[in-house]
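Since this is a predicted model, take the numbers as computed values, not measurements. As the structure lists them, so they are numbered: ligands from 1, and atoms in each ligand from 1.
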Amino acid sequence: MKTLVILISGRGSNMQALLNTDLNVDRMVVISNNPQAEGLQIAQQQGIETCVVDHRDFKDRQSFDEVLAGKIAEFQPKLVALAGFMRILSDNFVHRYQGRLINIHPSLLPAFPGLATHARALHEGVKIHGCTVHFVTPKLDHGPIIIQAAVAVLPEDTEASLADRVLQQEHRIFPQAVRWFMNDQVKVTGGVVQITHASVSQITLYSPGLTE
Ligand code: GRF
C-alpha cells in the first residue's frame with residue numbers, strides 16, 4: 001500500500017493541488033500542527049483522513065517532533081510531503097524520514113531559503129524567481145532538488161502579485177514531484193536528483209511566460 005502523508009499548517013492550496021491530482025497513491029492522510037488550518041476542512045470535505053498534532057501542547061520542539069514522527073509512522077508512509085508546514089523540524093525527525101521527506105519552497109533554491117522569499121526577491125531585483133521541490137535535510141531549505149519552476153519578475157510586481165504567480169507554479173511542480181516519487185522515478189546520487197523515464201521537457205525548468 002502506497003501512503004502519502006501531507007503535513008500542513010494553514011491555507012492548504014498545495015495540499016489541494018496534491019488531492020486534485022492522480023498521484024498513484026492508495027491512501028492519503030493530512031496532518032496539521034494547527035487545529036485551525038483551513039486546509040484541514042478542505043481535506044475533510046474531500047473525504048480525506050485528517051489529524052492534528054498541536055505544537056502548542058508540547059513543552060519544546062523535540063517532544064512535539066517525537067509525537068509527530070510517531071503519528072506519521074502509524075500510517076507507514078512511502079512519502080511525507082511538507083505542503084506549507086510552518087514548523088522547523090528537528091534533526092532527529094529529519095533523519096528518521098530522510099529520503100522520503102520533501103518540501104515545497106517558494107524560491108529558486110539555493111537562493112532565498114527561509115521566510116519572506118518574494119519580498120527578498122523584489123528587494124534584490126532578481127529578474128527570475130520561482131519555486132523548488134526538494135528533499136528535506138537537516139540544513140533548512142537545502143536538500144537535493146527534485147524540480148523547479150521559474151517565473152519572470154515583472155517591473156510592476158508587488159509581493160502579492162509575485163507570490164500569486166509563483167504559487168501557480170508550485171501547484172504544478174509539487175504534484176509532479178510526488179508522482180515521480182510514487183512511481184520510483186526519483187534517484188539521488190551524490191546529493192543530485194535524477195528523474196528516470198521522464199521526457200526532457202518534463203524535467204527541465206519551466207520557462208518564464210509559459211502558460212500551459
Ligand atoms: C507556499 O508558498 C509554500 O511554498 C510555502 O508555504 C506556502 C503554503 O501555501 N512553504 P499553501 O498552504 O500550500 O496554500
Side-chain angles (χ1 to χ4, degrees), residues 4-21 23 25 28-46 48 50-55 65 68 72 79-90 93-94 97 101-123 126 128-153 157-179 181 205-206:
L4 170 66
V5 167
I6 305 171
L7 299 189
I8 63 166
S9 295
R11 183 175 57 179
S13 72
N14 277 289
M15 172 207 75
Q16 176 92 66
L18 295 178
L19 301 184
N20 288 348
T21 308
L23 297 170
V25 300
M28 285 193 271
V29 180
V30 173
I31 302 178
S32 181
N33 65 303
N34 171 16
Q36 265 79 50
E38 294 161 56
L40 281 174
Q41 280 184 9
I42 297 170
Q44 284 157 6
Q45 281 160 6
Q46 299 196 15
I48 303 291
T50 63
C51 40
V52 173
V53 182
D54 188 341
H55 65 277
D65 280 9
L68 179 64
I72 293 170
L79 180 67
V80 179
L82 306 182
F85 186 68
M86 301 309 284
R87 305 290 302 169
I88 293 177
L89 294 163
S90 60
F93 182 101
V94 172
Y97 287 103
L101 180 62
I102 66 172
N103 181 46
I104 176 86
H105 181 78
S107 78
L108 289 173
L109 292 173
F112 309 122
L115 298 173
T117 56
H118 309 306
R120 287 154 64 207
L122 288 172
H123 182 73
V126 298
I128 296 176
H129 185 46
C131 47
T132 303
V133 182
H134 65 98
F135 283 103
V136 177
T137 58
K139 189 169 172 188
L140 182 68
D141 297 330
H142 200 98
I145 291 169
I146 301 169
I147 186 170
Q148 296 183 301
V151 303
V153 180
D157 262 330
T158 62
E159 194 179 337
S161 66
L162 188 54
D164 275 354
R165 277 208 317 290
V166 171
L167 192 64
Q168 286 176 27
Q169 298 304 316
E170 294 182 35
H171 296 164
R172 296 175 66 197
I173 65 172
F174 205 26
Q176 176 66 268
V178 171
R179 200 177 321 115
F181 190 93
L205 183 74
Y206 290 118

**Request:** Go through Phe93 and Ile72 one step at a time and tell me if the side chain to side chain contact (heavy atoms under 4.5 Å, CB included) criterion holds.
**Result:** CA-CA 11 Å; Phe93 182 101; Ile72 293 170; 3.6 Å; yes
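Side-chain atoms of Arg172 and Gln169 form a donor-acceptor pair, as typed in the model, at a separation below 3.5 Å. When only modelled atom types and interatomic distance are considered, Ser9 and Asn33 share a side-chain donor-acceptor pair under 3.5 Å. Side-chain N/O atoms of His105 and His134 include no donor and acceptor closer than 3.5 Å.
Taking any N or O of Asn103, backbone or side chain, none lies under 3.5 Å from an N or O belonging to ligand 1. For ligand 1, the polar-atom distance check against Met15 finds no nitrogen or oxygen pair separated by under 3.5 Å. Considering backbone and side-chain atoms alike, Ile104 places an N or O below 3.5 Å from some N or O of ligand 1.
Every atom of ligand 1 with a heavy atom of Glu170 under 4.0 Å away is listed here by number and element: 1 (C), 2 (O), 3 (C), 4 (O). For ligand 1 and Arg11, the ligand atoms under 4.0 Å from any heavy atom of the residue are 9 (O), 11 (P), 12 (O), 14 (O). The ligand atoms of ligand 1 that sit less than 4.0 angstrom from a heavy atom of Gly84 are 6 (O), 8 (C), 10 (N).
Checking Gly12, Ser9, Cys131, Gly10 against atom 12 (O) of ligand 1, the nearest heavy atom belongs to Gly12.
Leu109 and Gln148 make their closest contact through O-NE2, 2.9 Å (heavy atoms, listed as atom of the first residue, atom of the second, distance).
Residue contact annotation: Ile8 has no non-hydrogen atom under 4.0 Å from ligand 1.
Checking side-chain atoms of Thr50 against main-chain N and O of Gln44 turns up no donor-acceptor pair under 3.5 Å.
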